[in-house]
2 protein chains.
Amino acid sequence: MKELLSYILQFGNLNQQQIDLISKKATEITFSKDEYFSEAGKIAVQVGFIIEGIMRVCYYNNKGEEITRYFIEENNMVVDLESFNNSICSSAYVQAVTDCKLIVFSKPDWEELLATIVGWDTIVHKIISRALMQKVDRRSPLVSEDATTRYLSFMEKYPKVINRIPLSYLASYLGITQSSLSRIRKNIR
Amino acid sequence: MKELLSYILQFGNLNQQQIDLISKKATEITFSKDEYFSEAGKIAVQVGFIIEGIMRVCYYNNKGEEITRYFIEENNMVVDLESFNNSICSSAYVQAVTDCKLIVFSKPDWEELLATIVGWDTIVHKIISRALMQKVDRRSPLVSEDATTRYLSFMEKYPKVINRIPLSYLASYLGITQSSLSRIRKNIR
DNA sequence: ATCGCTTTTTGCCAAATGGCAAATGATTTT
DNA sequence: AAAATCATTTGCCATTTGGCAAAAAGCGAT
C-alpha cells in the first residue's frame, strides 16, 4: 500500500482524507504464475498496481502464434485500458508471468474515486499518459535494430526482469524465434 | 477550422462560447515540405492539428542514421508531447513530409484554454490517450512480422499515405533498408 | 535416483535481409 | 537541352535469421 501511495503522489497531491478513501477501496490480492488478470474476449473490470512480480500482455496473431506485447514490472499500474474504459471486449490477455502480489480496484470503486476525489482524474490521466509514452518508447527502437541489439537493450532496460521470464516470452517480445534468441545468448557469453 | 472542431467534439461537448474561444486562439499556418514543426534540442512551444498534408516524427540513432518513428496524417493532432508538457528539450524532429496546412495554438494560448474552459482538459486527455494508444497499436505489430508483411500492413493502414512519402522514410519506419523495401515492392507487383 | 514433462540449446540447411556500389530514373537548376 | 543533384532500383555476395527436428538440460512428482 505504501508503494502505491508514493507512486500516486509522484503525479499530484492529495490530502489525508483522499488518501484514506483510496486506501479503503484498495484490495490486496495475489495471482499465481500463469493466472490471468484479464482475458481476450472479456471486458476488463479492474485496475491493478503490481507490488511484486511480473505480468505481461499477450495476444494471438493471425497465424495463431502467441505474441508478448509487453512486460509490466513492480510498481506499475496494470489495466487493459481500451477494454476497461470503453467496456468493450479485449483482444489481449494480461497474465502473471511469475507469482504476483497486486493491489486492485474494482471498476465501480474506481469510478467512485473518480467521481469523489477532486483532481484524481488529472492524476490518473498523468499516470496513463506516462505509461503509454513509455510503451511507445520501449517498443519503437525494437523495429529498427537487429536482434542482438534488441536483446542487449532489453537487458539494460529491464535488468531485474531478464532472469525471471521464460525465453519463449522474451523471444516473441523481441520479434525473433526462440532458437535465434538462444543463439544470441550463446554468442554473448 | 470546421475539421478541427468536429474532431474535438468527438471527444466531448462544448457550448458555443467555448467553441468561439478556441477558434479565436487558433491560427492557420502552412509548412513547406521539409520544414520543421519542432526540433531536437529545442523545447516544443506549439500544438497543431493537420488540415492538409503529412508530417513525421524522426530522430537520429546512435549510429547517426535517421529513423522515422511515425507518420501523422490529416485530421490529427501533432505535438511533441514530452517536450511541450514538461518544457524540456526534445530529442526528435517533427517535420513536414509534404506541404502542409495546419492549425496551431501557441503554448500560452493553449494553457489559457486549459485554465478557462471547464472540461477542456478532459477532452485533451482523451485525445492524447487515444493518439498514444494508436501509436502503440501501430508500432507493435512491426516487431513481430517479416518485412513484406509490414509493408502490406502499412499499405492497408495508410492507403492515403503510401504514395506521398519518400521510400527512404518508409524504409526506416518499417525498420528495413531502402534496397530491401525496393525489392519488396518489386516482388509484389 | 528415476520418470515424465517442459524448456532451452544445437545442428543443418533454406530463406530473408543487409552492405556496398553502380546503374537507372526523376527532378531541379543553369 | 544539358548538367547537376537526388531518389530509387539492381547486382553481387555476406550475414542474419528462420524452420525443423533432435539432443540436452531443467524441474517437479514419485
Side-chain angles (χ1 to χ4, degrees), chain A residues 32-35 53-54 56 58 60-68 71 95-99 140-155 158 161-189, chain B residues 32-36 53-54 56 58 60-68 71 93 95-99 140-155 158 161-189:
Chain A
S32 308
K33 185 169 180 309
D34 298 341
E35 239 181 291
I54 299 170
R56 67 165 184 154
C58 68
Y60 292 84
N61 70 9
N62 49 23
K63 289 176 209 141
E65 298 156 334
E66 179 191 286
I67 311 279
T68 298
F71 296 101
Q95 186 186 34
V97 176
T98 64
D99 290 344
S140 280
L142 295 182
V143 177
S144 50
E145 292 169 342
D146 69 25
T148 304
T149 312
R150 290 183 222 174
Y151 177 67
L152 291 172
S153 317
F154 185 91
M155 287 206 297
Y158 297 86
V161 174
I162 196 87
N163 289 312
R164 300 155 70 193
I165 59 177
L167 173 138
S168 58
Y169 294 176
L170 179 53
S172 81
Y173 176 82
L174 296 176
I176 58 182
T177 59
Q178 300 183 204
S179 11
S180 290
L181 178 51
S182 177
R183 288 179 189 121
I184 287 168
R185 284 184 159 164
K186 183 187 187 183
N187 288 333
I188 284 174
R189 305 192 216 103
Chain B
S32 308
K33 185 171 179 309
D34 297 342
E35 239 182 292
Y36 292 114
I54 298 170
R56 67 164 184 153
C58 68
Y60 292 86
N61 71 8
N62 49 23
K63 289 176 208 140
E65 298 156 335
E66 179 191 285
I67 311 279
T68 298
F71 296 100
Y93 296 85
Q95 185 186 34
V97 175
T98 64
D99 290 344
S140 280
L142 295 181
V143 177
S144 50
E145 291 169 342
D146 70 26
T148 305
T149 311
R150 291 183 222 174
Y151 177 67
L152 292 172
S153 317
F154 185 90
M155 287 206 297
Y158 298 86
V161 175
I162 195 90
N163 290 313
R164 300 155 71 192
I165 59 177
L167 173 138
S168 57
Y169 295 177
L170 179 53
S172 80
Y173 177 83
L174 296 175
I176 57 182
T177 59
Q178 299 182 204
S179 13
S180 290
L181 178 51
S182 177
R183 289 179 188 122
I184 287 168
R185 284 184 159 163
K186 184 187 188 180
N187 288 333
I188 285 175
R189 302 190 218 105

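Chain letters run A, B, ... following the sequence lines, proteins first, then strands; residues in each count from 1. In what follows, every heavy atom counts, from backbone to side chain, and hydrogens, waters and symmetry copies are set aside.
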Student: Can you check the Lys186(B) NZ to dA7(D) C1' distance for me, whole Å?
Tutor: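 Value for this atom pair: 17 Å.
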
Student: Taking the side chain as everything from C-beta on, heavy atoms only, tell me whether Leu174(A) gets closer than 4.5 Å to Leu142(A).
Tutor: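 Yes, close enough: below the 4.5 Å cut-off.
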
Student: Gln178(B) has a side chain; which of dG11(D), dT8(D), dG18(D) sits nearest to it?
Tutor: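 Out of dG11(D), dT8(D), dG18(D), the nucleotide with an atom closest to Gln178(B)'s side chain is dT8(D).
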
Student: When the distance from CG of Asp146(B) to C1' of dT16(D) is rounded to whole Å, what number comes out?
Tutor: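 For the pair Asp146(B) CG and dT16(D) C1', the rounded distance is 14 Å.
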
Student: Does NZ or CZ of Arg56(A) come closer than 6.0 Å to the centre of the six-membered ring of Tyr169(A), within 45° of the ring's axis?
Tutor: yes

Student: Report the distance from atom CD of Glu145(B) to atom C1' of dG18(D), rounded to the nearest whole Å.
Tutor: 16 Å

Student: Can you find a pair of side-chain heavy atoms, one from Lys33(A) and one from Asp99(A), that are under 4.5 Å apart?
Tutor: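 Heavy-atom side-chain distance check passes, below 4.5 Å.
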
Student: Classify the ring geometry between Tyr158(A) and Tyr173(A) as parallel (under 30°), tilted (30 to 60°) or perpendicular (over 60°).
Tutor: perpendicular

Student: Which whole-number value in Å describes the distance from Asn187(A) CG to dT16(D) P?
Tutor: 9 Å

Student: Tell me whether the side-chain N/O atoms of Ser182(B) come closer than 4.0 Å to OP1 or OP2 in dT9(D).
Tutor: yes

Student: Over how many whole Å does the gap from Lys63(B) atom NZ to dG19(C) atom C1' extend?
Tutor: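 So the NZ-C1' distance, Lys63(B) to dG19(C), works out to 12 Å.
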
Student: Can you say whether the rings of Tyr36(B) and Tyr93(B) are parallel (under 30°), tilted (30 to 60°) or perpendicular (over 60°)?
Tutor: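 Ring orientation of Tyr36(B) relative to Tyr93(B): tilted.
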
Student: Among residues 161-175 of chain B, which ones have heavy-atom contacts with DNA chain C below 4.0 Å?
Tutor: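 Per residue number, the list reads Gly175(B).
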
Student: Which pairs count as salt bridge (charged side-chain N to carboxylate O under 4.0 Å, His left out) when at least one residue sits in residues 163-187 of chain B, sequence neighbours excluded?
Tutor: Glu74(B)-Arg164(B)

Student: For residues Met155(B) and Leu152(B), determine if any side-chain heavy atom of one lies less than 4.5 Å from a side-chain heavy atom of the other.
Tutor: yes

Student: Within the 4.0 Å heavy-atom criterion, would you say Leu181(B) contacts the bases, only the backbone, or no part of the nucleic acid?
Tutor: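 Result for Leu181(B) = nothing.
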
Student: Starting at CG of Asp34(B) and ending at P of dT27(C), how long is that distance when rounded to a whole Å?
Tutor: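 About 15 Å, once rounded to whole Å.
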
Student: Return the value, rounded to whole Å, for the distance between atom CZ of Arg189(B) and atom P of dT8(D).
Tutor: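 For the pair Arg189(B) CZ and dT8(D) P, the rounded distance is 13 Å.
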
Student: From CZ of Arg185(A) over to P of dT17(D), roughly how many Å is that when rounded to an integer?
Tutor: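 Checked: the CZ to P distance equals 15 Å.
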
Student: Do Ser153(B) side-chain atoms and Thr149(B) backbone N/O form a donor-acceptor pair below 3.5 Å?
Tutor: yes

Student: Could you list, one pair per line, each protein nitrogen or oxygen that sits under 3.5 Å from a nitrogen or oxygen of nucleotides 19-24 of chain D, together with the distance?
Tutor:
residue	atom	partner	partner atom	Å
dG19(D)	O6	Arg183(A)	NH2	3.0

Student: I'd like to know if the side chain of Ser172(B) and the backbone of Thr68(B) have a donor-acceptor N/O pair within less than 3.5 Å.
Tutor: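 Judged by distance alone, yes, a pair lies under 3.5 Å.
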
